2 protein chains.
Amino acid sequence: MPDRAPADRRGELLAIAARLFADKGFKNTTVRDIADAAGILSGSLYHHFDSKESMVDEILRTFQEELFGQYDEILASDADPLAKLEQAVLVSFDAIDQHHDEVAIFQNEAAYLLTFDRFSYLADRNRQSREVWLTLLRNGIDAGVLRDDLDVELTYRFIRDTVWVAVSWYRPGGRRTHTEIAKQYLSILLEGIHS
Amino acid sequence: MPDRAPADRRGELLAIAARLFADKGFKNTTVRDIADAAGILSGSLYHHFDSKESMVDEILRTFQEELFGQYDEILASDADPLAKLEQAVLVSFDAIDQHHDEVAIFQNEAAYLLTFDRFSYLADRNRQSREVWLTLLRNGIDAGVLRDDLDVELTYRFIRDTVWVAVSWYRPGGRRTHTEIAKQYLSILLEGIHS
DNA sequence: GTCTATATCTAGATAGAC
DNA sequence: GTCTATCTAGATATAGAC
């Protein structure tokens with residue numbers, strides 16, 4: 001593996017920053033915090049990155065490219081509508097497990113970051129995500145496997161919110177695996193809690 | 001109405017601050033922002049309040065006393081378990097409608113504020129909220145009206161998250177009333193989306 | 001690639017006049 | 001109750017040495 005160390009220094013620093021942004025918030029994390037955690041001084045960070053904004057930008061872009069690639073694969077597959085919906089939920093919980101910090105940052109900081117022009121792509125991603133879920137829900141209704149008396153827009157929001165907000169309490173390595181949680185969630189979502 | 005203006009100036013300023021804290025975040029709202037919105041200068045705010053922290057403290061305390069009073073009433077009532085659960089959901093969506101900014105602040109800033117000793121009561125309120133929902137769910141299971149194969153702790157989290165996170169997209173005066181949203185949500189929660 | 005040193009800016013808070 | 005003026009602390013970012 002040639003030039004692994006130099007190429008990865010950037011990734012290391014981004015991972016350290018992501019952890020802090022996720023835990024304390026973007027605004028509330030100082031470049032000194034990041035440098036301290038990395039064992040260097042704040043000025044040295046500017047050898048690697050333009051600004052604190054550039055750091056969070058790179059973190060979110062990289063993560064979202066991967067996540068939306070997975071959604072696209074599901075949409076393009078030939079699974080039945082119910083299976084696709086389940087896969088989308090599982091992939092999302094997988095992201096919470098594998099990219100916990102990135103999901104947390106997107107959940108907690110997107111509204112703030114969207115006030116800057118350079119982060120306008122986050123709004124595009126929100127629209128894209130809405131399209132994915134609405135498509136899955138409409139296909140399920142059309143195929144007759146989902147109730148047709150539900151407000152699709154509201155249903156989409158409930159699913160989206162419950163899935164992603166789990167990042168606020170799920171901790172990788174905890175008592176329940178992310179797959180167990182995803183399956184319980186799907187059971188409630190599909191069948192309800194009424195006996 | 002004697003001395004209405006002087007007594008309400010405090011409340012006016014708190015409402016202005018709450019709106020800004022909810023929209024932009026606590027850390028990201030400056031005392032100058034608050035003063036600007038109130039049409040005064042930043043120094044003048046300190047005639048009314050000790051600090052920015054005191055402002056958010058008063059906002060959250062007042063709101064939570066009211067909300068938890070309502071939960072206590074539901075728990076103490078003689079309605080059946082299913083009705084109590086429905087009432088708790090309705091009361092929560094009512095809070096999102098009537099105290100939108102306060103709910104948003106609690107949702108978005110609690111984790112940060114909890115790093116200060118003076119806000120440790122927020123952790124107590126979180127525990128209290130958990131007890132309310134767990135009690136409602138357990139009573140429903142014991143009475144046989146809720147599925148007994150569900151993880152109660154996970155179910156509580158899904159309900160809590162989906163209810164409160166609605167504050168991020170619900171806007172008072174929008175296309176759907178908060179009661180319509182609450183009823184759709186209860187329909188999904190109780191019966192599921194499967195046809 | 002990191003450190004030293006520092007420029008620049010912004011924020012919370014205070015004191016006293018009006 | 002508000003304004004003027006200002007203090008102080010802390011944050012982002014830069015320049016040049018090592």
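Order of the sequence lines sets the chain letters (A, B, ...), proteins ahead of strands, with each chain counted from 1. Only a predicted model underlies this, so the values are computations on that prediction, with no experimental measurement involved.
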What integer distance in Å separates [X]:[atom1] from [N]:[atom2]?
| X | N | atom1 | atom2 | value |
| --- | --- | --- | --- | --- |
| B:Leu45 | D:dT4 | CG | P | 15 Å |
| B:Ile34 | D:dT2 | CD1 | C1' | 16 Å |
| A:His48 | D:dT14 | NE2 | P | 15 Å |
| A:Phe49 | D:dT14 | CZ | P | 15 Å |

Inset, instruction - Could you label the plane-to-plane angle of the B:Tyr185 and A:Phe158 rings as parallel, tilted or perpendicular, counting under 30° as parallel and over 60° as perpendicular? - result: tilted
Legend entry - Hydrophobic cluster partners of B:Val165 (side-chain heavy atoms under 4.5 Å):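 So far as hydrophobic clustering goes, B:Val165 is joined with A:Val165.
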Legend entry - Nucleic acid contacts of residues 14-21 of chain A, taken as heavy-atom distances under 4.0 Å to DNA chain D: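 None - not one residue of the stretch has a heavy atom sitting under 4.0 Å from the strand.
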Legend entry - Nearest-neighbour nucleotide for the A:Leu41 side chain, D:dT2, C:dT4, C:dT2 considered: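 Shortest atom-to-atom distance from the side chain points to C:dT4.
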Inset, instruction - Please name all residues satisfying ring-ring contact (aromatic ring centres under 6.0 Å, His included) with B:Phe106, sequence neighbours left out, ordered by chain then number. - result: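 So B:Phe106 forms no ring-ring contact (aromatic ring centres under 6.0 Å, His included) with any residue.
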Inset, instruction - List in chain and number order the residues that pass side chain to side chain donor-acceptor pair (under 3.5 Å) with B:Thr162, two or more places apart in sequence or in another chain; answer none if no residue qualifies. - result: A:Thr162
Legend entry - B:Asp151: partners by side chain to side chain donor-acceptor pair (under 3.5 Å), with sequence neighbours left out: A:Arg176
Under the side-chain contact (heavy atoms from CB on, under 4.5 Å) rule, collect the residues that match up with [X], sequence neighbours excluded.
| X | value |
| --- | --- |
| A:Ala83 | A:Ala79, A:Asp80, A:Gln87 |
| A:Arg125 | A:Gln64, A:Glu65, A:Phe68, A:Gln128 |
| A:Leu134 | A:Arg130, A:Arg138, A:Val152, A:Glu153, A:Tyr156 |

Legend entry - Distance below 4.0 Å between B:His47 side-chain N/O and D:dG1 OP1 or OP2: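 B:His47 to D:dG1 OP1/OP2: side-chain N or O found under 4.0 Å.
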Legend entry - Under 4.0 angstrom between B:Arg9 side-chain N/O and D:dT2 OP1 or OP2: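 So the side chain of B:Arg9 is within the cut-off, an N or O lying under 4.0 Å from OP1 or OP2 of D:dT2.
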Give each protein N/O atom lying under 3.5 Å from an N/O atom of nucleotides 10-14 of chain C, with the pair distance.
from, atom 1, to, atom 2, distance (Å)
C:dG12, OP1, B:Lys52, NZ, 2.8
C:dG12, OP2, B:Val31, N, 2.8
C:dG12, N7, B:Arg32, NH1, 3.2
C:dG12, O6, B:Arg32, NH2, 3.1
C:dA13, OP2, B:Tyr46, OH, 2.9
C:dA13, OP2, B:Lys52, N, 3.2

